[in-house]
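Would you mind keeping the following structure in view while I ask a few things?
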Amino acid sequence: MDRFTVEKNQKPIMKKIFINKLWGKALILALYIGIQVLSPNLTVAMETNKLDIIVRGTVKDINALPLPGVIVVVQGSSVGTVTDGDGSYRVNAPENATLTFSFIGFVSQSISIGNRSVIDVVLEEDLKSLDEVVVVGFGTQKKANLTGSVATIGSEEIIKRPGTNVANLLQGKVAGLQVSSHSGKPGSENNTLRIRGLGTFSAAGSDPLVLINGIAGDMTTLDPNDVESISVLKDAASSAIYGARAANGVILITTKKGKAGEMTIDIHSNVQVQQATRLPNLLSNSADYMMYWNQGRERSGQAPYFTQTEIDAFRNNTNDPINYPNFDWIDHSFRTAVAHNQSINIGGGNEKTTFNVSLGYFDQPGITSVYDFKKLNSRVVIETQVKDWFKLGGDIQFVNQNIQRSNWDNGDVDFQVLAIYGAAPNYTPTRTLPNGSQGYVARYSSAIGEWTVRNPDAQNVSGVQTDIRYNVLPQLYAEIKPLKNLTWFTKGAINYNTMAFKNHEIPVDNYFFKDGSYAHNNATWQLGVRENWRTQMLSTFYSTLNYQKQFDGIHDVNILAGYNQEYNLDRSLGGTRIFFPTNELKELDAGAPLNQSTSGSSGEWAIQSLFMRAMYGFKGKYLFEANARYDGTSRIAADTRWGLFPSVSAGWRISQEPFLMQSTWMDNLKIRASWGQLGNQNIGLYPYQELLSTTSYPFSTNFPGAVMNRMVDPRLRWETTTMADIGFDLSIKEGLLNVTFDWYDKVTDDILFNIPIPASIGMTSPTVNFGKMRNRGIEIELGSTKQIGELTYNVSLNFSTYRNEVMNILAPIYGNFTVQEGLPFNSHFMTEWTGIFQNAQEIAEGPRHPFNPKPGDLKFKDQNEDGVINSLDRVVMDGAHPDFIYGSTINLAWRNFDINAFFQGVEGIKQSTQGLSWGLVPYIQGSPPPVDFINNMWTGEGSTNDHPAMYISGYGPVTGTRNSYWLLDASYLRLKNLALGYNVPRVIAQRIGLQNARIYVSGDNLLTFTKWPGSDPERAATNWFQAYPQISTYTMGLKVRL
Amino acid sequence: MNQIDKIKQYIARPHLLVCALLIALVSCNDFLEKDPTTQISSPTFWKTQKDADMALAGVYSRLNVSTFNFNGVYSLAIMAGDANEGAASLGTSSTGSFAMGMMEAESGGLLANIYNQCYRGVASCNFFLANIEKVDMPESVRTIYKAEVQFLRGLFYFNLVDFYGGVPLYTTPVTIEEGTIAKSTKEQVYAQVLTDLDFAIANLPNTDYSGRGHAVRGSALTLKSRVMLNMSDWPGAAAAAKQVMDEGKFSLFNNYKTMFLAVGQSNNPEIMFSTKYLNPDNSSDQDIQLIWWGSWNPRAELRDAFECIDGLPIGTSPLYSPSNWKLNRDPRLKENIRAFTDPAIKASGAVVSIAWNAPSQTGLSPVKAGNVESLPIDYSTRSEQDWILIRYAEVLLNFAEATNEVQGPIAAVYEAINEVRARPGVDMPPLPAGLSKEQMRSRIWNERRVEFAFEGMRYRDIRRWKLAETYINTLIEPGTNIRRVFDPSKHYLFPFPLSEMDINPNLVQNPGY
């Protein structure tokens, strides 16, 4: 025991020291910045003491053309100048100083002055920007030679925002990639990623394939500090090499490797202050709350809950908050949380062997309740050149995530937030009981029948849900070069996950506010312990052979062939015990076996593939590429399980043609076109097999049984996506304007879908090859980078839009959403709401509405004018898919300061909120109505057409018919991030023993423009209105290299 | 390393790769052959009698749904006007709103559950009947199994035709293409129900039911008499009931209370068919809902339908005390209804208060089939009371009602109804002699109402008797002046669920929806 105590105590102390050291250095840095800001001429003045010579000269390029605008700086000072129109410059510099010449698009040069006074310089064009290497499937490629549509994001861009979820950080960064974050719940943000729209409507089908160093994985487990680059493969040409798994695009993530040379130690540390971005404004005046509830009940034909005396008592005793509270539960329940993130990265090596070790820790308390998230990442990377023809390497990733939630949290439903929105203002979290002790309040009184909303505070002490996950991902690879131009690369990897999910719930006595009488023991699902352990193991093996050669400097040939196989096994084991001797014991063994239960399951899939790629380039101008992949999957019957997925693409670098080579303004122009086919294997594990589920029936004793639950179509074929893409890349005047444009046409055929079948068939629907759907869209990325004096700016804008259209399907589907040929998939389908009935005459004279409406209820449009509102009057409403999504980044750098603003938005999407919407629907389980509703509801003839009269949840004339009153605009524009950074001048950094240092402050989710009421528009993708709010984060951070 | 060695290596390495590829591809078939680990593959099934046993249990397991247990059946008491929905309700799909006349195709809830659950049962029956011939088993056993399954199919289709009228009729497994047919007529569905029941009657063992859990001849005969009452085929209904009475395999149980609790259900001579439950694997939340949530609140009208112990209605009995409604009443009343504030009394005599989760809107709470021994109740409470679907009292009352319609109140009618009233522990006096046919009819109607309170019979009965609109429309919600609504132009049938209408273009919606 002692040993454990010591260790437990040590941890926080060590953490403290770690942080203190860092922040000590930050303080020193801050002082330096202060000095520099307050006296910008100070350093210059100090340097000028030694000024004694004037240096001048001209700067030309290799063609002897003068270069205007080259920045000439005396190293280690802020003294400098810019070359004029004929490339000449003149600068004052101390003797023995070094001049740095830099110009965008050219390699910078540093020249020691010595005793010279004239220094002419020839700058070489920096081909790196065009030679930039991009990670593609099973290899890398020069960006200039790409013929497919690939977007890349570098490490610096990713960690500009302080978040720790890589999926969040990708939001708004890539044209054509839509990232929606379902909530701000720590560790459970549940992002949805869509590349080029909803690709299919298969059950499990529109998530892109994410590969971490070539192995399928979960990007949310990564430490963003470990990421070297991210490539998003958007079109068929770039992703066809992943064949059957690439229909929704591929995201390739490469992590940092060590570099030969001096060892570097990078430390990144930040502290984040977090708050809810938006919260609903609900009625918190108790007298009004009670009065309106009575009104709503009366409208539903139910007896009032409160007497007038009771209501008056609340109205007249506002100075007695103990007995007559006007309690604001939202204000009470949400708080400011402080999170912090630490990471250290050590890299280095010699020419033969390099290594990189990193460790990251993130601690994020929730902004409400018992939510909490802790993440520990570590990674070890090593690579060694065993022989000149033989390279071996490997890395191992270890991630531990500890997520803690309210014990009745349930995925997207967020019951804890529901309870906060559902709590009424006329009681307080606790009250004094008749015996003088404090007890939790269940609700106002026993006369009120809303029985499932729990006191959020009582809920917080009734136990927690823990979700502990470990991920271990070791991989080992060998690269052999049997011939100069031939590379044989082989990798094997295991991605092993364990997930331990546990609910511990203890009884908490609750009392009625009104009289302190006992209400219930707060049990929500089940008292005791529920545990579920899951392990998942994905083993991957692939091997590629790559031949690459340039013939006569004209013909570039690159051929790759490979084999890949993957096998995945999922197993789970669960157990439940209910009766525990004390509330402190929370392991299953401590519980009694009475009514215990167990569960267990497993599932597996496998895929095998052969693939090849051939690239040919002629004089670096004409580029051709072809890919093919032949995939077999265990999820389809043997006869049809193999599929071939080909692609071809071509590019023409017009800027390399002689007639454009001389252009002084055009740096690069490339036209690309591609076509290809992709598959989608995420169709459930055994969709083609006719299966009997096991069950039981207790005739006299329990007897095993077997039932057929699901229809099956054994003739399933691969779902195939065919995509064409035409695009161009243009860059003008050394970064003044960069344009990437893509047009695409993506058609998914044989979409596997659980076709709705009549209930009279008596089974659940089969997966069938159901239909065909098209996404057609454009993506534009615009960028501009320029230096004006000491100011460098970099502005980029990405914009993408697509139109989704169902082309043909076996049969149309009508429901809350409709699937019809010619319409976007899952279009909103509902009765059109036209206003509010103002008087009885209007109801009598209009079409007959269901649920016998009264004045003040919703009025609908009789589309077919048959005099009755029914299902035939449902129409398609727009807003199922966004009109466009966009993002914009603005970077400004001045001297050592930089400022970075990032906007992101979605336009034209609508969400139906009809149904179980706490925080929107009045009095659903007692939930107070929104203030906006109270202010704008119907109160009598002619009052409004915006909102109906006060009603309560379940009132047929408002909630019974699915209608467009509930269809809300979820468009938004958000200032996702605004950051201000300062790079400490190297000379100063070195003085305190650092190679370089940067400090920054940053704010996330600072501004939101939206019409969405109440909670957050970003989370609109589920049918539940209430949600754990998105988080606004204010960060202060420090990055240093030792 | 000399040149030759190098060359050798160059040759060897690609060879290795090729070998690796070949090995991998050769083993393709195994590598990609993955079968489910927790389910049975159908093509390998239907071989031995053990398979047939499992398949039969599978068909029976379709009874473990709300339509065939307390949940859906108690809900029918709300529809019938014998109860109000408890305060737990949240939405428009609640039975309480249906009872107010707000029944629409999009409503869902009970209106969709009965449809979906019965058809799940029908599909299981059809799947069984289509495959049972493949099994190697004794012919006599096969015939009994088929008879059981046809009995169940009859039960499923009877519920469908009773609530929805004519429905799509399938007697073999359905393909997707066949799944969008028009509905058969009500008469055709009834004919199918009788065909199935007649096969069952002819082939099921003629034994008692309790303790076996499998349908027996008496189960099928009694269901047939119920079906024929629905069809107003009085002689047929009487004959089927009479056959059960004559064969003497069943009798009234001597404890009206424990018949509905697990403790009284083994070897119970009265139970003729039920949905079985057994802890821990096959359990229900019957006690949670009945004596904790308070999902159902009995109405005063039902309470007042119970006679006083002198056999007179409360309006005429001198024994009735308006200030204490429990005094001098038919003993069955306290086994069906308690005051909301009444404590529960355990078998040990301990008096325990019930921690109701919601107040009763009517001041009354249900008693029948709630096991007070399980108090205090929380979410871990599991119930294993079988839910009785058919019992011998119905045989007697079916016989009495049908015979009275044909022959008037002859002695056999008196005998049958008085037998029910004289159950040990109930001991209600016999009906007075000399009742007219109409008087007898209304006494039988009331006897059914109180004897079968909360057993789902009343809603079927008042529609069968065409009493629904005259009765339900007189009801006023407690504490308000709102009247209940039963629109005879539409509410005699439920609407087909909207989702079904959307999928099956050949299905014609019931009138008024």
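Below, chain A is the first sequence line, B the second, and so on; all start at residue 1.
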Using modelled atom types and a 3.5 Å cut-off, is there a donor and acceptor pairing between side-chain atoms of A/Asn702 and backbone atoms of B/Leu278?
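Looks like no, no N/O pair under 3.5 Å.
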
Does the side chain of B/Lys34 come within less than 4.5 Å of A/Leu685's, by heavy atoms?
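With C-beta onward as the side chain, the pair stays apart.
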
Where does A/Pro766 contact chain B at under 4.5 Å (heavy atoms): side chain, backbone, both or neither?
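Answer is side chain: those atoms of A/Pro766 sit under 4.5 Å from chain B.
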
Does any donor atom in the side chain of B/Asp502 or A/Ser871 lie under 3.5 Å from an acceptor atom in the other side chain?
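Checked: B/Asp502/A/Ser871 side chains show no N/O donor-acceptor pair below 3.5 Å.
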
I'd like to verify something: which residue of A/Pro704, A/Ala811, A/Ser700 has the highest number of heavy-atom pairs under 4.5 Å with chain B?
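Highest number of heavy-atom pairs under 4.5 Å: A/Pro704.
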
Among A/Ile607, A/Val712, A/Asn870, who wins on heavy-atom pairs under 4.5 Å with chain B?
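The option with the most such pairs is A/Ile607.
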
Sequence neighbours excluded, which residues qualify as side chain to side chain donor-acceptor pair (under 3.5 Å) partners of A/Tyr923?
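With sequence neighbours excluded, A/Tyr923 shows a side chain to side chain donor-acceptor pair (under 3.5 Å) to no residue whatsoever.
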
Checking salt bridge (Lys or Arg N to Asp or Glu O under 4.0 Å) for the pair B/Glu33/A/Arg641: CA distance, chi angles, key distance, verdict?
CA-CA 10 Å; B/Glu33 213 54 60; A/Arg641 74 167 42 128; 3.2 Å; yes

Just grab all the salt bridge (charged side-chain N to carboxylate O under 4.0 Å, His left out) pairs involving residues 274-284 of chain B, residues at least two apart or on different chains.
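For residues 274-284 of chain B: B/Lys276-B/Asp386.
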
Which one, A/Ser597, A/Ala637, A/Pro698, leads in non-hydrogen pairs under 4.5 Å with chain B?
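The answer is A/Pro698.
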
Under 3.5 Å, is there a donor-acceptor pair between the B/Glu500 and A/Ser760 side chains?
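Side-chain D/A pair, B/Glu500 to A/Ser760: present.
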
Check each of A/Phe703, A/Phe699, A/Tyr697 against B/His214 using the ring pair (Phe, Tyr, Trp, His ring centres under 6.0 Å) test, and report the only one that passes.
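Looking at A/Phe703, A/Phe699, A/Tyr697, the match for B/His214 under the ring pair (Phe, Tyr, Trp, His ring centres under 6.0 Å) is A/Phe699.
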
Under 4.5 Å from any heavy atom of chain B, what part of A/Gln689 do you find: side chain, backbone, both or neither?
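The side chain, not the backbone.
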
